[in-house]
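Worksheet: the structure to be examined is printed underneath.
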Amino acid sequence: MECDTAYATLRDTAYATLRERTLKSKAVYFTAIMPKPKSKRKSKQKTTTPETPQLSLKEQLALNRQAAKAKQEFISLASSTFFGSLFLGLLLFPIGGPKATIGVIIGICALVLSFKYPRQALWTFLFYMPISGTVVYGVAGGNALFQLAKDAFFIPAAITIYQEFKRKSQPFLIPKQIRIPFFILLILALLTLLVVNGGMQFAPPCDRIPRGIKMVCKNGQPLIMGLLGLKVLLGYVPLITCGYYLIRNKKELLFFARSHLVLAIICLGLGVVQYLFLSSGKCEGTRGLEGADLFKATLKARCLIGGSLVFSPDVGMIRLPGTFVSPWHWAWFIISNAFLTYASAFSDPSLIWRIGGLVGMALVIVNAFISGQRIALALVPVVIVILLILTGQIANLKRFIPIAIGIGVVAAIGTAMFPEVIQERVTSFVDRWNAAPPTDFIADQAGFTSKGQSGIFGAGIGRATNSARAYGADALIETYYPKLLFEMGPLAVGGFLLLVTVITWVTFKTYRSVKEPNLRSFAASFWVYVLVISYNTYWYPLDTDPVAVYYWFLIGVILRLPEIDREERAKQLAEEPTGNKGKKKKRK
């Protein structure tokens with residue numbers, strides 16, 4: 001009997017203990033899975049972005065291992081490349097000296113690293129190009145290898161990107177509408193190279209042919225001229241795909257715009273300093289020369305940055321190179337930045353960077369006056385007016401009025417500080433226009449090339465290209481389409497016009513499809529640049545830096561913007577439900 005009672009007591013105690021533990025575990029479980037009640041104050045707060053998920057310890061360790069592996073690969077590749085190039089450079093030291101040795105080391109390292117890291121190579125290419133003239137003459141002493149340094153970043157990066165697109169079975173030429181016009185122009189250029197340049201290459205030298213006999217003869221190195229001319233004509237077309245590949249999202253677009261703005265402000269500021277050094281007498285310029293030398297750009301007059309210049313204020317002759325190798329390049333850098341600084345001033349979402357764009361525009365206007373380049377002085381104001389009209393910013397009073405006031409203040413300050421300089425530049429421009437209007441000049445160049453047309457394929461590709469002149473180019477034609485007509489004939493001119501027309505139309509439709517306001521403003525500014533350069537015939541900006549780079553690169557950026565626009569709108573749609581919930585709670 002006592003045993004039964006003890007057994008019942010133990011049983012009841014065990015059941016009670018088990019039930020208590022079960023209830024506690026259930027309470028802990030439901031506490032964990034049930035959401036905690038929010039206070040009224042917290043419920044009124046509106047959350048606009050979802051919380052970013054935290055990485056687990058395993059994922060963090062995997063990322064750390066991946067970063068360490070990438071760092072180790074870079075160190076290994078960089079060290080092996082450096083020592084290999086150092087060995088080769090030392091072998092060439094007795095032949096080329098220290099400059100050639102340094103050039104070989106830097107060139108090989110740039111080539112190898114650009115193949116491995118194409119994105120970083122493209123950024124380096126874009127950043128190096130505006131200061132390349134200063135590096136060539138200020139650091140390398142005019143070494144020809146350093147003049148090709150920027151292509152050591154671009155060409156390997158383009159090859160790597162082409163291989164990546166091919167591996168993914170994607171077409172390299174973007175967009176597909178330009179493929180037929182591009183291949184038409186390429187075939188016509190190759191026919192000119194083979195038929196005309198090839199025929200001259202194997203013809204007898206011109207100095208051995210008696211006077212009065214007209215026949216094909218060899219002048220210089222026609223095939224080398226043709227290859228250089230082909231590279232100048234179509235060599236930077238892959239930048240369309242590179243720009244499309246490099247700018248993947250809005251963050252990278254803003255990085256491109258802002259980094260270029262900083263670089264432009266630095267270069268344009270150095271241009272002002274160069275002018276102040278020359279005008280104050282710290283640099284002599286070409287003052288002490290006589291006769292025709294007062295009007296010729298020379299490296300002996302180089303001042304602080306850039307390459308050859310002319311500074312003869314007594315005869316009203318000023319041509320400054322800025323950070324580039326020559327005044328021509330600097331003029332088109334100023335004109336190009338009229339577009340790019342305008343894009344930052346009106347399109348950047350940050351007020352600070354819009355103010356920076358205004359500073360850049362002010363420096364563009366100042367350099368257009370003091371550089372001595374009439375083409376810059378003529379085009380910069382026209383470009384700003386065209387941008388205001390075609391991009392529609394003239395109707396955006398909230399941004400237009402402050403920037404217009406800022407430009408007016410800068411113009412007033414500049415007029416007060418340099419009244420004589422501005423008056424002299426304006427007078428020189430007006431006198432030059434009256435003496436030789438650009439319209440008559442273009443008409444004369446077109447008439448000269450059309451009358452002297454030699455066959456349907458022209459006189460040979462590269463025959464009037466500035467960079468090929470060292471190998472025998474014997475014609476100086478300073479307008480673009482007459483130059484193409486002289487070199488490759490009417491068919492190639494039609495092919496080039498077809499290509500740029502298709503590009504202009506496709507980029508126009510692309511930019512019009514962008515909806516997000518800031519992205520659309522960037523696209524509009526870039527498209528106006530493409531429009532102006534496509535049909536510009538005065539001089540040959542597409543043959544030289546920086547237009548040859550910016551033109552093709554910005555086409556690729558425009559083509560990428562619709563995808564970035566879709567991503568931004570998708571983010572906004574993902575954030576809207578959370579924001580609406582917050583608004584409903586606030587109303588309740």
Side-chain angles (χ1 to χ4, degrees), residues 125 129-130 132-133 136 144 147-148 150-151 154-155 182 185-186 188-190 192-193 196-197 220 222 224-240 297 307-308 319 321-322 324-336 339 373 375-376 379 438 441-442 445-446 448-449 458-489 492-493 495-497 499-500 503 529-555:
F125 169 74
M129 188 265 300
S132 58
V136 168
Q147 295 181 5
L148 303 175
K150 66 180 188 301
D151 290 334
F154 161 66
I155 294 175
F182 172 77
L185 179 60
L186 180 61
L188 291 172
L190 291 175
T192 304
L193 178 66
V196 181
N197 294 77
I224 296 178
M225 279 193 302
L227 292 174
L228 284 174
L230 185 62
K231 186 263 181 186
V232 168
L233 178 67
L234 299 174
Y236 284 125
V237 173
L239 275 173
I240 298 177
S308 58
R319 299 291 185 270
F324 282 80
V325 295
S326 73
W328 289 351
H329 298 79
W330 181 241
W332 283 99
F333 180 75
I334 295 171
I335 296 168
S336 298
F339 295 89
Q373 291 292 325
I375 184 66
L379 285 186
F441 175 70
I442 295 172
Q445 295 262 293
F448 167 75
T449 54
I461 187 170
R463 297 286 292 181
T465 301
N466 191 38
S467 60
R469 191 162 295 150
Y471 298 97
D474 55 358
L476 178 62
I477 301 174
E478 297 179 286
T479 50
Y480 192 70
Y481 285 101
K483 167 188 168 293
L484 291 181
L485 181 64
F486 176 82
E487 288 190 346
M488 296 188 293
V493 173
F496 188 85
L497 276 171
L499 176 64
V500 297
I503 286 173
Y529 183 75
V530 172
L531 173 68
V532 172
I533 298 300
S534 294
Y535 299 103
N536 170 75
T537 188
Y538 188 77
W539 201 59
Y540 32 89
L542 266 177
D543 277 8
T544 54
D545 301 335
V547 176
V549 173
Y550 292 149
Y551 177 81
W552 302 109
F553 182 81
L554 290 178
I555 292 171

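Predicted model only: the values in this text are computed from it and were never measured.
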Heavy-atom check, side chain of I335 versus side chain of V547, under 4.5 Å: no
message: Side chains of D545 and K150, heavy atoms from C-beta outward: is any pair under 4.5 Å?
response: yes
query: In Å, rounded to the nearest 0.5 Å, how long is the span from CZ of F496 to OH of Y481?
result: 5.0 Å
field: Any donor-acceptor pair under 3.5 Å from D543 side chain to N466 backbone
entry: no
query: Is there side-chain contact between P238 and F154, with heavy atoms separated by less than 4.5 Å?
result: yes
message: Less than 4.5 Å apart, side chain to side chain, heavy atoms only: is that true for S534 and Y551?
response: yes
- request: Report the relative orientation of the aromatic rings in Y236 and F125; use parallel for angles under 30°, tilted for 30 to 60°, perpendicular for over 60°.
  value: tilted
task: Flag the pair K231 and D151 as a salt bridge only when some basic side-chain nitrogen lies within less than 4.0 angstrom of an acidic carboxylate oxygen.
output: yes
task: Carefully, step by step, assess W332 and L379 under the rule side chain to side chain contact (heavy atoms under 4.5 Å, CB included).
output: CA-CA 10 Å; W332 283 99; L379 285 186; 4.0 Å; yes
- prompt: Would a 4.5 Å heavy-atom cut-off, applied to side chains only, mark I375 and W539 as touching?
  reply: no
- prompt: What class does the angle between the rings of F339 and Y529 fall in, given that below 30° is parallel, 30 to 60° is tilted and above 60° is perpendicular?
  reply: perpendicular
query: Do the side chains of L227 and I224 get nearer than 4.5 Å, heavy atoms only?
result: no
query: Under 6.0 Å between ring centres, would you say that holds for Y480 and Y540?
result: no
message: Treating E487 as the side-chain partner and T465 as the backbone partner, does any N or O pair qualify as donor plus acceptor under 3.5 Å?
response: yes
task: Classify the angle between the aromatic ring planes of W330 and F324 as parallel (below 30°), tilted (30 to 60°) or perpendicular (above 60°).
output: tilted
query: Would you say the side chain of S132 lies within less than 4.5 Å of the side chain of V325, judging by non-hydrogen atoms?
result: no
